Visitor: 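If you scroll down you'll find the structure; I have some questions about it.
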Amino acid sequence: MIIFIGRHNKTSTFLKFCSKKQSSDFAKLKHLLKAAKQVVVLTGAGISAESGVPTFRGPGGLWRKLDATLLANPSAFREDPGLVWEFYHYRRELVLKAKPNAGHIAIASYEARHASDKKVTVITQNVDGLHARAGTRNIIELHGNLFKTRCTKCNEVLVNTDSPICAALAGTGSPNSDKLTSDIKEKDLPHCKKPDCGGLLRPHIVWFGEFLDPKTLEKTDIAISQCNVCLVVGTSSIVYPAAAFPTVMSASGSIVAEFNIEPSPGTPKFDFYFQGPSATTLPQALSD
Ligand code: BV8
Ligand code: ZN
């Protein structure tokens, strides 16, 4: 079977149509990856699960019995910035102790090995920075990063890996407490150090109900419009606009392979589905 890989190659779209039957054959995917020039890896919280970082909707995903969507939103921050900072402080400290797992490392080494013959783009919904720590270079962080702050007054964005980010947050943020408010006063939360500013800092993260950065979306559009093969790893495909990306790529002829421990709403539409923990399945798929 000759596989043509090309964005606008009618054959590949025709082949896609013919090979509509979903596969879980690693050799078949590796054959397609071999011919691919542009590979996109779209990741969600599931890829970091084996690094000990709780997913949003799996076990440990709730914080003080609160769904992340109730904390990762601008009105929660307006109402009780201390509580939202405790939530992020808890996740910063957890991620600082976490390490990239074999899934993150498999992607980074695949990108390095193919630096001369393929463009690999990691588009991640995650804010934990573990892809970069694994060595991946071409990363689009759709939703920002736990270790960046943004001033609510002057909008300055800075990298900040201080642990704790401020004295008042030290020892706070335990997920097991029943408290649903914070005693931390706003004046004791992180503030902008610019002498003429002093504004309250927030995590530089896209919250629910907030728009993604247009430049980030532009880079994403370019990557998905040129993609030959897309790997969708560890996402429940619930959060938009990221949840729409694999369907867009599939509809325009990309081969889409999903790696998850259970099917997601998108699974039936994809060409490949590899069930299992991504720290096991990704190294199998990406070993040349
Ligand atoms: C926006 C930062 C325009 C926060 C996050 C339609 C169009 C546009 C918007 C919407 C729409 N419908 C609804 C919306 C609004 C909303 C949305 O999508 N809501 C959802 C809940 C329905 N979208 C937005 O607000 C976005 N903004 O579109 O702006 C706009 C504005 C206003 C009104 C309309 C439109 C902004 C969304 C960004 C939110 N911020 N993160 C933070 O991290 O604190 S999203 C958050 O969820 C995380 O980034 C997370 O990554 C992401 C998605 O979740 P997953 O990564 O998929 O994680 P989850 O736990 O759900 O699933 C884990 C998966 O891994 C599971 O499938 C599991 O089986 C699997 N797994 C587990 N272990 C493993 C594994 N797989 C492999 N191996 C394992 N070991
Ligand atoms: Zn400022």
Side-chain angles (χ1 to χ4, degrees), residues 42-98 123-131 141-150 152 164-165 169 171-184 186 189-190 200-213 216 232-247 258-267 277-278:
L42 173 69
T43 64
I47 195 170
S48 298
E50 287 157 280
S51 296
V53 182
T55 63
F56 277 73
R57 293 164 188 88
L62 299 180
W63 182 80
R64 294 188 185 173
K65 302 190 187 59
L66 285 175
D67 182 311
T69 50
L70 299 175
L71 291 150
N73 79 58
S75 41
F77 190 71
R78 270 192 300 277
E79 221 165 278
D80 190 344
L83 187 70
V84 173
W85 263 116
E86 284 195 43
F87 172 56
Y88 283 98
H89 165 72
Y90 160 68
R91 292 170 66 197
R92 286 167 56 99
E93 298 299 307
L94 185 143
V95 168
L96 282 172
K97 296 184 190 75
I123 302 175
T124 188
Q125 300 173 83
N126 300 341
V127 296
D128 57 31
L130 289 177
H131 283 299
E141 289 186 318
L142 291 174
H143 301 150
N145 188 296
L146 281 171
F147 303 101
K148 286 184 181 170
T149 60
R150 185 168 80 239
T152 56
I165 187 166
L169 281 165
T172 69
S174 153
N176 312 317
S177 143
D178 293 340
K179 281 186 58 140
L180 295 183
T181 56
S182 171
D183 303 331
I184 302 175
E186 185 175 315
L189 290 172
L200 175 65
L201 298 185
R202 59 165 279 179
H204 183 54
I205 282 186
V206 181
W207 283 333
F208 288 94
E210 294 188 321
F211 287 84
L212 277 70
D213 177 81
T216 304
V232 182
V233 187
T235 180
S236 57
S237 296
I238 291 174
V239 174
Y240 285 84
F245 296 158
T247 320
E258 182 177 34
F259 296 75
N260 202 315
I261 51 170
E262 60 186 12
S264 71
T267 305
S278 47

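Note that the numbering runs from 1 along the sequence shown for the chain. Remember, it's a predicted structure, so these values are computed and weren't measured experimentally.
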Visitor: Looking at every heavy atom in both L130 and S48, which two are closest together, and how far apart are they?
Guide: CD1-OG, 3.7 Å
Visitor: Using atom types as modelled and distance alone, determine if a side-chain donor or acceptor of T152 lies under 3.5 Å from a backbone N or O of L200.
Guide: yes
Visitor: Show me the pairs that pass side chain to side chain donor-acceptor pair (under 3.5 Å) and involve residues 55-66, at least two apart or across chains.
Guide: R64-E86
Visitor: For E210, look at atom CD and say whether over 12 heavy atoms of other residues, nucleotides or ligands are found less than 6.0 Å away.
Guide: yes
Visitor: Drop me the distance from D128's CG to F147's CZ, to the nearest 0.5 angstrom.
Guide: 8.0 Å
Visitor: Output yes when a side-chain donor or acceptor of N73 lies under 3.5 Å from a complementary backbone atom of G209, and no otherwise.
Guide: no
Visitor: Do L71 and L83 pass the side chain to side chain contact (heavy atoms under 4.5 Å, CB included) test, and can you show the C-alpha distance, the side-chain angles, and the key distance before you say yes or no?
Guide: CA-CA 8 Å; L71 291 150; L83 187 70; 4.1 Å; yes
Visitor: Measuring from L94:CG to H89:NE2, what's the distance to the nearest 0.5 Å?
Guide: 11.0 Å
Visitor: Given side chain to side chain contact (heavy atoms under 4.5 Å, CB included), test I165 with W85 step by step and report yes or no.
Guide: CA-CA 10 Å; I165 187 166; W85 263 116; 3.7 Å; yes
Visitor: If you round to the nearest 0.5 Å, how far is CH2 of W207 from OG of S75?
Guide: 9.5 Å
Visitor: Output the distance between atom OH (Y90) and atom OG1 (T172), rounded to the nearest 0.5 Å.
Guide: 12.0 Å
Visitor: Starting at CG of N126, measure out to CD of E141 and round the result to the nearest 0.5 Å.
Guide: 9.0 Å
Visitor: Show your working on side chain to side chain contact (heavy atoms under 4.5 Å, CB included) between I205 and L146 and close with a plain yes or no.
Guide: CA-CA 7 Å; I205 282 186; L146 281 171; 3.9 Å; yes
Visitor: Looking at every heavy atom in both D80 and S182, which two are closest together, and how far apart are they?
Guide: OD2-N, 3.0 Å
Visitor: With sequence neighbours excluded, what pairs up with H131 under the ring-ring contact (aromatic ring centres under 6.0 Å, His included) test?
Guide: H104
Visitor: Could you give the side-chain donor-acceptor pairs of residues 234-243 under 3.5 Å, partners two or more places apart or in another chain?
Guide:
{"unit_1": "T235", "atom_1": "OG1", "unit_2": "Q125", "atom_2": "NE2", "d": "2.9"}
{"unit_1": "T235", "atom_1": "OG1", "unit_2": "S237", "atom_2": "N", "d": "3.2"}

Visitor: Nearest 0.5 Å, what's the CG-CG distance between L142 and L42?
Guide: 7.0 Å
Visitor: What pair of heavy atoms forms the shortest contact from E93 to P164, and how long is it?
Guide: OE2-CA, 3.9 Å
Visitor: Can you see which heavy atom on A98 is nearest to which on S51, and at what distance?
Guide: CB-O, 3.5 Å
Visitor: Going through the distances and angles, do Y88 and V127 end up as a side chain to side chain contact (heavy atoms under 4.5 Å, CB included)?
Guide: CA-CA 11 Å; Y88 283 98; V127 296; 5.6 Å; no
